[in-house]
There are 2 protein chains.
Amino acid sequence: MPENPVPKQRLRAPSQRSLENRARILDAAETLFAREGFAGATIRDIARAADVPVGLVHHHGGGKEALFREVVGRRAEELSTLRLAALDAARARGPLTLAALFDCFFRPYLDKAAGGDPQWLAYARLVAIVSADPAWADISRDLFDPTAHRFITEIGALYPDAPPARVAEAFIYSVAAMLALLTSQWRVAALAGDPGAGPSLDGLIAFCAAGCAARLGA
Amino acid sequence: MPENPVPKQRLRAPSQRSLENRARILDAAETLFAREGFAGATIRDIARAADVPVGLVHHHGGGKEALFREVVGRRAEELSTLRLAALDAARARGPLTLAALFDCFFRPYLDKAAGGDPQWLAYARLVAIVSADPAWADISRDLFDPTAHRFITEIGALYPDAPPARVAEAFIYSVAAMLALLTSQWRVAALAGDPGAGPSLDGLIAFCAAGCAARLGA
DNA sequence: GTCTATATGTAGATAGAC
DNA sequence: GTCTATCTACATATAGAC
């Protein structure tokens, strides 16, 4: 008789249901944080939306703030990978233009958002929340800034005479425009009367590339 | 003996202290709504910051939501007046350019914000909150859209072939850039390493005018 | 791993004294 | 007009049963 009988299930292996609950909790948290803001969303709302008991949200999320960080981080890492891959691929094809750089930065996100996954649209609101609030500066620093800095360096290389702060400023304007495209469609529709049209990646790139060129050019 | 002795103080005339308390409450609410968001700011925080009893905030503000609307409306009306006056003055001087239009729209705000009044900087955060959240669509409609629509019409007149939704979209990008200038200086500093430089009205106008021209031009 | 029950604090709002 | 005291509801978080 073995002294250490092998358990039928490996210790600490998460069950199928546990994984599903965890995923549903993160999705619900993403939706509600996006719609109501960090303070406006409640753990109870999230639990109800995910159809799990309240305590389980704490179990999987580790508190409201940790849950928020995890929700943001999940997509930020995926997006950074896609953006940097697009940038590397574009570099390999030849010299970069401003429009090509913005294409590498915007397209992965807009493809996801336009792909119909409403969670990716919710994420745009989260990025806007984090980007606007110095209280989340650590999230910006850890998750957004490395990739942003890479793109700023590339833009700066196209305009060697522009001071770094000016390049960063133009980049922030461009990101703000991208977030506006994703989060303020309802305002565009209200202002135009015309509800149609819809977002356009090429239009956004044209706006930002021309704006940056005007701000950074000689 | 007169039957109706004249009261020493007119009925319902607000006392000096009442007016001061009211102003302090609105200022404190503005600061805290801007920093913490609508849900994150509490009536109690506001009362403490204004150094008044909690009940007084309800008395003057009429509930949290009404207080928020009043705080936003107070500055929105002042700003709209200044912007439209600048637009009328510019029109009177001759034909408008895109850069001149953005100057009329941006300058009144940036002058106030750069003038050192921290309350005007807080207001930028409030505008960002309202503009990003469909839940406050009625504030946007009543307080922001009339002036915005006026400027969009003027921009559209410069590009008669551009569809209205495209003009509105370019305008929203531009407003987003302006709000980023006011609310995301900390991110620019973090990304550039260089904390210096600071915001530049001319730079913002150059960015937006060139972006709009590229997006709307033939 | 899952969930119930509950602890503890604080929210927005108001009734009524001054 | 001003302010105290308090109501009711709900927040996050956790302890411990299953």
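Chain A is the first sequence line, chain B the second, and so forth, proteins listed ahead of strands; every chain is numbered from 1.
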Separation of [X] atom [atom1] from [N] atom [atom2], in whole Å?
X	N	atom1	atom2	result
B:Ile46	C:dT10	CD1	C1'	15 Å
A:Ile43	C:dT8	CD1	C1'	16 Å
B:Arg48	C:dA11	CZ	C1'	13 Å

Quick one: sort the B:Phe102 and B:Phe171 rings into parallel, tilted or perpendicular, breaks at 30° and 60°.
parallel

I'd like to know if [X] and [Y] make a salt bridge, using a cut-off of under 4.0 Å between side-chain N and carboxylate O.
X	Y	result
A:Arg74	A:Glu78	no
A:Arg48	A:Asp45	yes
B:Arg24	B:Asp27	no

Look at the side chain of B:Arg17 and the base of D:dG1, then say whether one donor and one acceptor between them are separated by less than 3.5 Å.
no

Applying a 4.0 Å non-hydrogen cut-off, can you work out what B:Ala41 is touching in the nucleic acid: base, sugar-phosphate, or nothing?
sugar-phosphate

Can you pull out the residues from residues 57-72 of chain B that lie within a 4.0 Å heavy-atom distance of DNA chain D?
B:His59, B:His60

So how far is it from [X] [atom1] to [Y] [atom2], rounded to the nearest 0.5 Å?
X	Y	atom1	atom2	answer
A:Phe38	A:Leu67	CZ	CG	8.5 Å
B:Leu87	B:Thr147	CG	OG1	9.5 Å
A:Asp103	A:Ile205	CG	CD1	4.0 Å
B:Ile43	B:Leu56	CD1	CG	11.5 Å

With DNA chain D as reference, determine whether B:Pro53 or A:Asp45 sits nearer its 5' end, using the nearest nucleotide of each.
B:Pro53

Would you name the heavy atoms of B:Ala170 and B:Arg215 that are closest together and state the gap between them?
CB-CG, 4.5 Å

Does B:Ser15 place a side-chain N or O at less than 4.0 Å from the phosphate oxygens OP1/OP2 of D:dT2?
yes

Is there a side-chain contact between A:Thr42 and the phosphate of D:dC10, meaning an N or O under 4.0 Å from OP1 or OP2?
no

So, with a heavy-atom separation below 4.0 Å from DNA chain C, the residues of residues 21-28 of chain B are none

Estimated bend of the helix from C:dG1-D:dC18 to C:dC18-D:dG1 (axis per five terminal pairs, rounded to 10 degrees):
0°

Looking only at side-chain atoms of A:Leu56, point me to the closest of C:dC3, D:dT2, C:dG1.
C:dC3

For the residue pair A:Gln119 and A:Tyr123, confirm or rule out a side-chain donor-acceptor distance under 3.5 Å.
no

